[in-house]
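One structure is given here, and the rest of the page talks about it.
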Amino acid sequence: MNLYDYFVDEMEEGKFESFKHQHFFEEENGITIMKDKLQYETPFGIFGKLFDVLFLKRHLTSFLLERNKVLKEVSEMQY
């Protein structure tokens, strides 16, 4: 973690062969921009790769886009 600029979630054990989710923060014209980088490997050899191509990649992309939308809405709320 680099306070205000970067943090990473990395799986130590779980269902994936590996899973690393990086968050990068930049300021542009007074607006905070967050960029995600997701790297993962599926287990189960060719079956895991096939599952990734057919379902998982699309699901994870959709999940991150929706989650980021919610994060944006919450972070912009006026209290």
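Nothing here was measured: the structure is a model prediction, and the numbers come from that model.
Qualifying side chain to side chain contact (heavy atoms under 4.5 Å, CB included) partners for K72, counting only residues two or more places apart in sequence or in other chains: E76. Shown here are the side chain to side chain contact (heavy atoms under 4.5 Å, CB included) partners of D36, two or more places apart in sequence or in another chain: H21, H23, M34, R67, N68. With sequence neighbours left out, the side chain to side chain contact (heavy atoms under 4.5 Å, CB included) criterion links E28 to E26, I33. Under the salt bridge (Lys or Arg N to Asp or Glu O under 4.0 Å) criterion, E17 pairs with no residue at all, not counting sequence neighbours. Listed by chain and number, the residues in a side chain to side chain contact (heavy atoms under 4.5 Å, CB included) with K37 are Q22, F24, Q39 (sequence neighbours excluded).
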In residues 41-54, what donor-acceptor pairs under 3.5 Å come from side-chain atoms, sequence neighbours left out?
| unit_1 | atom_1 | unit_2 | atom_2 | d |
| --- | --- | --- | --- | --- |
| E41 | OE2 | S18 | OG | 3.2 |
| T42 | OG1 | G48 | O | 3.2 |
| D52 | OD1 | Y40 | OH | 2.4 |
| D52 | OD1 | K57 | N | 3.4 |

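Atom NZ of residue K69 and atom CG of residue L64 lie 14.5 Å apart, to the nearest 0.5 angstrom.
Shortest non-hydrogen contact noted between V74 and Y79 is O-OH, 4.4 Å. F25 and Y6 make their closest contact through CD1-N, 4.2 Å (heavy atoms, listed as atom of the first residue, atom of the second, distance).
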Using side-chain contact (heavy atoms from CB on, under 4.5 Å), reason through M77 and E73 one step at a time and then give a plain yes or no. CA-CA 6 Å; M77 290 176 87; E73 291 171 1; 5.8 Å; no
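Side-chain heavy atoms closer than 4.5 Å link hydrophobic residues (I, L, V, M, F, W, Y) into clusters, and following such links, possibly through other members, connects M11 to L60. F7 and F19 end up in different hydrophobic clusters when Ile, Leu, Val, Met, Phe, Trp and Tyr side chains are linked at under 4.5 Å. Placement of L38 and L56 within a single hydrophobic cluster is found when ILVMFWY residues are connected by side-chain heavy-atom separations under 4.5 Å, directly or transitively.
Remark: F63 CZ is loosely packed, at most 12 non-hydrogen atoms of other residues, nucleotides or ligands lying under 6.0 Å away.
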